[in-house]
2 protein chains.
Amino acid sequence: MSIDSKIKEVKKCPVQYVLAIQEAMNAIQGKWKVHIIASLLFGPKRFSEIQKSVGRINPRMLSKELKELELNGIIKREIQNISPVVIEYSLTESGCKLKKVLDAMIDWGIEHRVISLKKLKHGK
Amino acid sequence: MSIDSKIKEVKKCPVQYVLAIQEAMNAIQGKWKVHIIASLLFGPKRFSEIQKSVGRINPRMLSKELKELELNGIIKREIQNISPVVIEYSLTESGCKLKKVLDAMIDWGIEHRVISLKKLKHGK
DNA sequence: TATAGCACTATACTTTTGTATAGTAAGTTA
DNA sequence: TAACTTACTATACAAAAGTATAGTGCTATA
């Protein structure tokens, strides 16, 4: 069975919708996950590079979030076999596809702010 | 200026992206928000109706989540002027538009699960 | 040999989020 | 009048999420 028809089949059951949303929420929830994913959308990075690009995150949190993202199949961790050892984090296929979700959120967020402003202007 | 051109203007600045995503995350994060929004996608509902449709949520949590959703401009709370007083919750314009975000999450979630299963089958 | 960078881990703590349970004020029905 | 429904609020607590700070083991460079 092709992936497309598998997807169509799964979509018939509404319970799957809830599970699917839960899976997506898992992937992006937490204070730093979206920042980390966004940073990796520009290409693979090392621990310290992510730390710099994300900002005020401390190593304990970064380590924890990276582990969760790896466990959820959003990023992969690869040890380059050179000396000194270099560890590179990058998005998986699924991880890259999260961009669509983020884009939907950006579109909604921008529209939402414009609608709110409009309502403020027109009294209430 | 039209909303569309306002949106285009805002989109030029990448900082707005982060704010937009944050706003969207605010709208849906929390254990019960997605359930509540999903329940209201089928039409306006009263407190006890939402409580039934969402499941094991307790009134303290439902009350808190509804207040946050109202504050964020996702739902509106309307007091019907009949006796006995009926209070109805419904999605705002913005709230309805969240469906697109949820749909993107559903699509991603289903694809993600299929990809994960495929990888399990093909060893690792 | 000392110092620095990398990729983390350990410990202790604070804050936020969620749960359990009971109670209240107002109106409705038997 | 008593019991019931609706739409919550109050109090106390448990669990999860996040922060601050220090330390470890490794390699590389001065």
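Naming convention: chains lettered A, B, ... in sequence-line order (proteins, then strands); numbering from 1 in each chain. Values below: all heavy atoms of this structure, side chains included; hydrogens, waters and symmetry mates excluded.
Both A/Phe47 and A/Val85 sit in one connected hydrophobic cluster of ILVMFWY residues. Membership requires side-chain heavy atoms under 4.5 Å apart, directly or through other members. B/Phe42 and B/Ile28 end up in different hydrophobic clusters when Ile, Leu, Val, Met, Phe, Trp and Tyr side chains are linked at under 4.5 Å.
Close approach of DNA chain D to chain A, defined as any atom under 4.0 Å from a non-hydrogen atom of the protein, starts and stops at D/dG18 to D/dA28.
Atom P of nucleotide C/dC6 and atom CD1 of A/Ile79 are separated by 18 Å, given to the nearest angstrom. Atom pair B/Met25:CE and C/dT17:P shows a separation of 12 Å (rounding to whole Å applied). Rounded to a whole Å, the OH atom of A/Tyr89 is 8 Å from the P atom of C/dA7. Summarising the geometry, the separation between CZ on B/Arg56 and C1' on C/dT19 is reported as 10 Å, rounded to the nearest angstrom. Rounded to whole Å, the distance from NZ on A/Lys64 to P on C/dT11 is 17 Å. Between the P atom of C/dT17 and the CD atom of B/Gln29 lies a distance of 7 Å, rounded to the nearest Å. Note: CG (B/Asn58) to C1' (C/dT19) measures 6 Å, nearest angstrom. The distance between atom CG of B/Leu62 and atom P of C/dG18, rounded to the nearest whole Å, is 13 Å.
Remark: nothing in residues 65-72 of chain B comes within less than 4.0 Å of DNA chain C through any heavy atom.
One finds no salt bridge joining A/Glu88 and A/Lys45 here, because no Lys/Arg side-chain nitrogen approaches an Asp/Glu carboxylate oxygen to under 4.0 Å.
A/Gln51 places a side-chain heavy atom less than 4.5 Å from the side chain of A/Ile57. Counting heavy atoms from C-beta outward, A/Gln16 and B/Arg113 have side chains that approach closer than 4.5 Å. Residues A/Leu117 and A/Val114 form no side-chain contact, since every pair of their non-hydrogen atoms from C-beta on lies 4.5 Å or further apart. Residues A/Leu71 and A/Lys67 form no side-chain contact, since every pair of their non-hydrogen atoms from C-beta on lies 4.5 Å or further apart. Residues A/Ser94 and B/Trp108 form a side-chain contact, since some pair of their non-hydrogen atoms from C-beta on lies under 4.5 Å apart. For the pair A/Ile87 and A/Glu78, the minimum side-chain heavy-atom distance is 4.5 Å or more.
A residue-by-residue look at A/Pro59 and B/Glu88 shows that B/Glu88 has its nearest nucleotide of DNA chain D further toward the 5' end.
Of the listed residues (B/Lys119, B/Lys118, B/His112), just one forms a side chain to side chain contact (heavy atoms under 4.5 Å, CB included) with B/Ser116, and that residue is B/His112. Paired with A/Lys33 under the rule side chain to side chain contact (heavy atoms under 4.5 Å, CB included), one option of A/Leu66, A/Leu69, A/Ile74 passes, and it is A/Leu69.
Distances from the side chain of A/Arg77 to the nucleotides C/dA7, C/dG18, C/dA22 place C/dA7 closest.
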Nucleotides 26-30 of chain C: which of its N/O atoms have a protein N/O under 3.5 Å away?
from   : atom 1 : to      : atom 2 : distance (Å)
C/dT28 : OP1    : B/Ser83 : OG     : 3.2
C/dT28 : OP1    : B/Pro84 : N      : 3.4

Worked check of side-chain contact (heavy atoms from CB on, under 4.5 Å) between A/Ile115 and B/Lys97: CA-CA 11 Å; A/Ile115 290 173; B/Lys97 285 183 174 162; 4.1 Å; yes
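Counting any heavy atom pair closer than 4.0 Å across all strands shown, A/Arg60 reaches a base atom.
At least one side-chain nitrogen or oxygen of A/Ser63 sits closer than 4.0 Å to the OP1 or OP2 atom of C/dT9.
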